[in-house]
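In what follows, every heavy atom counts, from backbone to side chain, and hydrogens, waters and symmetry copies are set aside.
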Amino acid sequence: MKLQTLACAVALMTGGLFFSHTVNEAIAATSVEQQVTLAPTREQSLVTRQVATLVDRQHYLNMRLDANVSRRVLAMYIDSLDPDHTLFLQSDIDEFNKKYGASLGTSLKTGDLAPAFNIYDRYRTRLNSFYQYAMQQLDKKQDLHRNDFIELDREEAPFFKSKREQQEHWQKMLVSQLINLNINKEEEAAKQQALKANPELAAGQDLTPPEDLSPVDTLKKRYRRQIEQQTRIKSDRVLEKILNATLATYDPHSNYYAPIEAMELNRQTTLALEGIGVSIRPERGNEDYTRIETIVDGGPASKSGQVKSGDRIIGVGQEGDPIVDVIGWPSSEIVGLIRGKRGTKVTLRLLATGASANQARVVTLTRDVIQEEDSGVRSRVVNVKRNDGEHKIGVIEIPSFYLNYRARREGNSYRSVSVDTQKALVSLQSQNVEGVVVDLRNNPGGSLEEVARMLGQFVKDGPVVQIRDGNGNVNVFRDEDGGEQVYSGPLAVIVNLASASASEIFSAAIQDYQRGIVIGSTTTGKGTAQVQLDSLAYGQATLTQRKFYRITGGSTQNKGVVPDVPLINIYDEDLGERKAKNALKWDTIQTAPYKREGVVTPFVPQVTTWSTQRIKAEPQFVYLSALKSIAEKTKDKKQSSLNIDVRKREIKDLETETLRAENERRTATGLQPYANWESYQAALDARSESRAKMKAAQRPPLPEDEAFITESANILMDMVSLQKAHPDAKVSDPSITVSQKPVS
């Protein structure tokens, strides 16, 4: 789904905004004595030395891991463990700074993980204290009608100086969480009543309500589940925390991945994973169970014929080991057990929908490489109605610039985005499309050589991107296919704030060559290139070693790519590089000589004017603008009331505004408005359930998402009509405007 749901204020206020980030991620034991002892392995010490040495000597910044940087690493590590400053006391911080502040970097370069593990052990002790306090307090009646507030953002707040001061805040956290749970319980009951009154709202989906527990019991159960996770904690967690804190001190995109997380990194870059070919998620109404949602055709699960959609996974066993009960485990941990090396075996204990516990069956599968066909390039044709009739526009959705470099290195068949895009372009041209829209929204980037190859399919020849290393050496990537173009027709590119890295290289080059028009919102601003380190002693890492520059000389770092024609930005600006910690700065280098291949600039003002007029009349964009305005009302909120009646009134106001926006959209598009908030939420749940059961390629585009495609196609057709009317226009010409109304 291209359109990520807006961070609507209603969702934030009812869905757990006030749950401390620390608590949500927390894993603790019921007592210090029961905690599993964590200690680094030889391999972990070795990879620590490798990563620390690499960042010290080979990072783009050429910044030594000296005493000053060591202090920054320590602060970053502490913040990664306790981002809201609610667990450690100021006395802990003072002690850590005195013991490790100047020497932590040296310890890491020698592979000494003792400081990191000592700090983590203190973290678990402090976290354990919170859980003991919370569970004791939950046995007492809590006042949900207080007249004070809780701070919502403590990232920059000082650490508490005393346990008394700290426990006062913990008390507020508990009250806030209970207020949320009480409100959620009431809203769920109202939603179930709406479903009972109008079963059609469920659209045939099973909208089983959550367990009927009191808010106190729900919170206790949540804490017990987190406590129980302690028995499964591995030293990899500490390793990842300290190495990522070290790397994040240099920039946001150098990262370390322990072996299990490295599998996910490889999946994203190659669109292939080693597993059994299923997607899983928590069961609706009972998060103790994880169920199989979809099955990949041709994967081990599919070939076995023994695994069914809807099966609960209640146990997982590795080859030669007993089956482990996974009831109550989070889905992320179960995924880690199921994935593994190709050719190894995994055993699942499955329970069919509606079956009793004694009907569980055991299935053993051999893991294999799963090609994620649904996740690659997709293309389609959309028909756009204009005053002069219908026009066929090709759409190519590119989720990432993927390349299975390992398969290529080993001489095996492999997928790449450039090959898949070329096939899509050939197919679209055979259908006689009048233009092509390349959709790069939410595309996180990928292979540099792949984006260079792809640009060669759209431009004749010349440079496509410049790369500078930490020593100032500049390398120019060029299109070197002798002027061959797969597609030379009208072109538009859609981007948004979640378009990053290679997406920005592509859209910047199209813009600089005047090859096409760039539409959407300003991109992320990730103008750095990382080398993937997959031969470390343990796990994998990425290390920033170069920066990207446009062929005009400006960096894409930090500033991103500003579109020619703006559309609404559905994301919070905090997502972009401009708000990231330790992001590299924007700068410029010399222009690489190139020749423009089209004329876009003089037509942009007129095209933008027409687009703005259409957007004002388009119900989907009106709806998105309304949601964004609602969300912004609480964006900078610093505190929240601990009075449940005040909180309910605030939420009710936001719900009323949100429902009004939805119903205005429905009325404008010929749909029946929802009777109330509960009916609206029930319908959203039904849609979510229905879409979750579909494979990605089968999910129809959401109307608010498709509006971006339709408007981009209209913008492209506007550009084509202006270019035809002014065939001799030059890039240096002043803006060309006409008096006619926009084409709809």
>> Run N558 and L584 through side-chain contact (heavy atoms from CB on, under 4.5 Å) and show every step you take.
In response: CA-CA 7 Å; N558 224 292; L584 272 62; over 6 Å; no
> Step by step, would you call L722 with W610 a side-chain contact (heavy atoms from CB on, under 4.5 Å)?
Replying inline: CA-CA 12 Å; L722 288 173; W610 287 341; 4.0 Å; yes
>> What verdict does the side-chain contact (heavy atoms from CB on, under 4.5 Å) test give for R380 and I709, after you've listed the backbone C-alpha separation in whole Å, the side-chain angles of each residue and the deciding distance to 0.1 Å?
In response: CA-CA 11 Å; R380 58 192 171 105; I709 297 295; 3.8 Å; yes
>> Walk me through whether I589 and V474 qualify under side-chain contact (heavy atoms from CB on, under 4.5 Å).
In response: CA-CA 9 Å; I589 60 175; V474 176; 4.0 Å; yes
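Under the 3.5 Å distance criterion, the side-chain polar atoms of N471 are left unmatched by any main-chain donor or acceptor of N473. No donor-acceptor pair closer than 3.5 Å links the side chain of R596 to the backbone N or O of Y513. A donor-acceptor pair under 3.5 Å is absent between the side-chain atoms of T710 and the main chain of A707, judged by distance alone. Formation of a donor-acceptor pair under 3.5 Å by the T608 side chain with backbone atoms of V604 is found in this model. In this structure, the side chain of Q540 does not engage the main chain of Q532 through any donor-acceptor pair within 3.5 Å. The closest donor-acceptor contact from the side chain of Y250 to the backbone of Y60 lies at 3.5 Å or more, if one exists at all. Side-chain atoms of R550 do not come within 3.5 Å of backbone N or O of T556 as any donor-acceptor pair. Judged purely by atom type and a 3.5 angstrom limit, S254 uses its side chain to pair as donor or acceptor with the backbone of T544. A donor-acceptor pair is defined here as one N or O able to donate and one able to accept, closer than 3.5 Å; such a pair exists between the side chain of T542 and the backbone of H253. A donor-acceptor pair is defined here as one N or O able to donate and one able to accept, closer than 3.5 Å; no such pair exists between the side chain of Q50 and the backbone of L536.
Note: M719 CE to Q606 CD = 10.5 Å, rounded to the nearest 0.5 Å. Atom-to-atom distance recorded for R578:CZ and K559:NZ is 10.5 Å, nearest 0.5 angstrom. One finds the CZ atom of F603 at 5.5 Å from the CD atom of Q723 (value rounded to the nearest 0.5 Å). Taking CD from E397 and CG from L440, the interatomic distance works out to 10.5 Å, rounded to the nearest 0.5 Å. A distance of 4.0 Å separates OG1 in T421 from CE in M454, rounded to the nearest 0.5 Å. Residue I505 holds its CD1 atom at 12.5 Å from CD1 of I510, rounded to the nearest 0.5 Å.
The heavy-atom pair separating Y487 from G435 by the smallest distance is OH-CA, 3.3 Å. V731 approaches G598 most closely through the heavy-atom pair CG2-O, 3.9 Å. Closest approach of S400 to P444, counting heavy atoms only: CB-CD, 4.2 Å. The nearest pair of heavy atoms linking L716 to A492 is CD1-N, 4.0 Å. Of all heavy-atom pairs between S447 and A502, the closest is O-CB, 4.5 Å. Between D574 and K579, the shortest heavy-atom distance links the atoms OD1-NZ, 3.4 Å.
Inter-residue side-chain proximity for V561 and F506 is flagged as unmet; no heavy-atom pair is nearer than 4.5 Å. Considering only heavy atoms from C-beta on, L543 stays 4.5 Å or farther from Q530 through its side chain. Put simply, the side chain of F548 does not reach to within 4.5 Å of the side chain of Q557, judged on heavy atoms. Residues L61 and D251 form no side-chain contact, since every pair of their non-hydrogen atoms from C-beta on lies 4.5 Å or further apart. Looking only at side-chain heavy atoms (C-beta outward), V419 and Q422 stay at 4.5 Å or farther from each other. Looking at T737 and T609, their side chains never come closer than 4.5 Å, going by heavy atoms from C-beta outward. Within the 4.5 Å cutoff, no side-chain heavy atoms of K526 are placed close to those of P252. Side chains of E618 and E711 form no contact here, defined as non-hydrogen atoms less than 4.5 Å apart.
Using bins of under 30°, 30° to 60° and over 60° for the plane-to-plane angle, the ring pair F621/F708 lands in the perpendicular bin.
For the 3.5 Å distance criterion, the side chains of T524 and E504 fail to qualify, holding no donor opposite an acceptor. Side-chain polar atoms of S418 and Q457 form no donor-acceptor pair below 3.5 angstrom. Under the 3.5 Å distance criterion, with hydrogens and angles disregarded, a donor-acceptor pair is assigned to the side chains of N496 and S499.
A salt bridge between D718 and R614 is present, with a side-chain N of the basic residue lying under 4.0 Å from a carboxylate O of the acidic one. Ion pairing of K547 with D587 is present here, as a side-chain N (NZ or NE/NH1/NH2) and a carboxylate O approach within less than 4.0 Å. Using a cutoff of 4.0 Å between basic side-chain nitrogens and carboxylate oxygens, K635 and E632 are not scored as salt-bridged. Salt-bridge annotation for R408 and E449: present, with a side-chain N of the basic residue lying under 4.0 Å from a carboxylate O of the acidic one.
Surrounding CD of Q590 are at most 12 heavy atoms belonging to other residues, nucleotides or ligands under 6.0 Å away. Taking a 6.0 Å sphere around NZ of K392, one finds it holds more than 12 heavy atoms contributed by other residues, nucleotides or ligands.
With F458 as the aromatic partner, R515 does not meet the cation-pi criteria of under 6.0 angstrom to the ring centre and within 45 degrees of the ring axis.
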